[in-house]
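The next block holds one structure in the form of structure tokens; read it before the comments.
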Amino acid sequence: MKFSRRMCVGMATLVVIAAFWYVATTGLGLISAGRFPAPSDVETAAVQAFVRGYPDTTLLVHVLHSLRLVALGFLVSVTLGVPLGLLMGWNRTAEALINPVFLLLRPIPPLAWIPLAILWLGLGDGAKVMVIVIAALPPAVITTQAGVRSVPPQIVEAAQMLGTPRLRFVWDVLAPAAAPMIFTGLRLALQASWTTLVAAELVGSLAGLGYVLNVAQQDLYPGMILVGMAAVGVLGAGSTALLGMAERRAIGWAQLRGAA
């Protein structure tokens with residue numbers, strides 16, 4: 001019942017925003033179509049993108065291209081970031097060796113790496129995946145490290161008293177105990193992946209949602225710009241929802257403990 005009520009409130013909010021949008025653009029003409037598109041303009045742009053294609057192919061092809069880049073970048077960042085965070089959280093020597101590198105590189109915006117990524121990997125997808133990994137890696141590492149540090153000392157002491165082997169202790173005790181924070185880092189990493197993808201695709205791309213937004217901006221096509229933005233928003237929300245489902249399956253016990 002609580003979930004249904006939240007859904008109704010969310011839908012009502014969207015309806016109010018859509019009504020205000022229609023009144024401000026089409027009904028009263030308070031906003032010119034050159035500055036912000038009317039619903040009819042967005043509908044026309046969406047039909048063009050899905051059916052005829054824009055600029056070179058259909059929106060579905062652009063979506064699949066962007067999804068592939070995000071998936072690759074996210075998987076690489078998780079594969080590297082979670083073990084690295086576990087190591088830094090558990091081993092003080094490893095933290096002392098690795099943390100200065102993070103402190104040095106973390107303030108650099110991921111987009112600042114685009115010139116180097118292009119220089120090293122060219123204008124292909126490899127450079128875009130590299131930039132996505134650079135953006136998504138720090139949240140995965142930092143939150144995993146914080147999750148390990150938040151593990152109750154009693155759990156660590158009990159495992160040590162039982163003589164649990166080190167590798168088994170990490171994967172059977174430490175990782176599950178830190179899992180809530182790890183999934184928080186995964187959500188932040190996924191969000192960073194989508195945000196960085198669009199910016200990376202603005203340079204040297206021939207496909208993808210960032211490419212659609214770039215061409216639409218050059219063509220002064222506000223309706224298509226909004227279609228591209230909406231596609232990014234829907235895909236980002238959908239992928240976050242899928243990650244949330246995986247989290248509930250993996251650590252539903254943590255949510256039940258929190259509710260208790």
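In this text the structure is predicted, and so the values were computed from the model without any measurement. Hydrogens, waters and symmetry mates are skipped; everything else that's a heavy atom, side chains included, is used. One-based numbering along the sequence shown.
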Verify same cluster id: [X], [Y] (apolar side-chain graph, 4.5 Å):
| X | Y | answer |
| --- | --- | --- |
| Val101 | Trp90 | no |
| Leu67 | Ile132 | yes |
| Leu188 | Met181 | no |
| Ile225 | Phe50 | yes |
| Met229 | Val212 | yes |

Test item: [X] and [Y] side chains (from C-beta on) under 4.5 Å apart, heavy atoms:
| X | Y | result |
| --- | --- | --- |
| Phe102 | Val141 | yes |
| Pro39 | Thr25 | yes |
| Trp120 | Met130 | yes |
| Leu186 | Val82 | yes |
| Leu59 | Leu209 | yes |
| Leu190 | Arg187 | no |
| Leu111 | Ile114 | yes |
| His62 | Pro55 | yes |

Please, which pairs that meet ring-ring contact (aromatic ring centres under 6.0 Å, His included) have at least one residue in residues 205-236, sequence neighbours excluded?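 Sorted result for residues 205-236: Tyr54-Tyr221.
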Can you tell me which residue among Ile142, Val76, Leu80 is in a side chain to side chain contact (heavy atoms under 4.5 Å, CB included) with Leu137?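 Answer after filtering Ile142, Val76, Leu80: Leu80.
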Answer yes or no: is there a donor N or O on one side and an acceptor on the other, between the side chain of [X] and the main chain of [Y], under 3.5 Å?
| X | Y | result |
| --- | --- | --- |
| Thr57 | Gly53 | no |
| Ser66 | Val63 | no |
| Asn91 | Met88 | no |
| Lys128 | Gly73 | no |

Closest non-hydrogen atom pair between [X] and [Y], with its separation:
| X | Y | answer |
| --- | --- | --- |
| Ile118 | Ala127 | N-CB, 4.1 Å |
| Thr240 | Gly236 | OG1-O, 2.8 Å |
| Ile108 | Trp113 | CG2-NE1, 3.6 Å |
| Val70 | Ser193 | CG1-CB, 4.1 Å |
| Ala136 | Ser77 | CB-OG, 3.5 Å |
| Glu201 | Ala207 | OE2-O, 3.9 Å |

If you count heavy atoms of other groups shown closer than 6.0 angstrom to CZ of Arg149, is the number above 12?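 Yes, enclosed.
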Hey, is CD on Glu95 packed in by over 12 heavy atoms from elsewhere, all under 6.0 Å?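 Yes.
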To the closest 0.5 Å, what do you measure between [atom1] ([X]) and [atom2] ([Y])?
| X | Y | atom1 | atom2 | value |
| --- | --- | --- | --- | --- |
| Leu87 | Ile98 | CG | CD1 | 5.0 Å |
| Gln191 | Phe74 | CD | CZ | 12.0 Å |
| Ile182 | Leu86 | CD1 | CG | 5.0 Å |
| Arg68 | Leu197 | CZ | CG | 11.0 Å |

Begin with the C-alpha distance, continue with both residues' side-chain angles, and end with the deciding distance and a verdict on side-chain contact (heavy atoms from CB on, under 4.5 Å) for Ser239 and Trp194. CA-CA 10 Å; Ser239 56; Trp194 278 109; 3.1 Å; yes
From CA spacing to verdict: side-chain contact (heavy atoms from CB on, under 4.5 Å), Gln218, Asn214: CA-CA 6 Å; Gln218 294 177 9; Asn214 188 30; 3.5 Å; yes
Could you check Met224 against Val215 for side-chain contact (heavy atoms from CB on, under 4.5 Å), going step by step and ending with a plain yes or no? CA-CA 9 Å; Met224 191 62 70; Val215 175; over 6 Å; no
Which residues satisfy the salt bridge (Lys or Arg N to Asp or Glu O under 4.0 Å) test with Arg52, sequence neighbours excluded?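 Arg52: no salt bridge (Lys or Arg N to Asp or Glu O under 4.0 Å) contacts found.
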Assign the ring pair Trp21 / Phe36 to parallel, tilted or perpendicular, where the plane angle (0 to 90°) is split at 30° and 60°.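 It falls in the perpendicular class, over 60°.
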Test log, rule side-chain contact (heavy atoms from CB on, under 4.5 Å), inputs Val61 and Thr58: CA-CA 6 Å; Val61 175; Thr58 62; 3.5 Å; yes
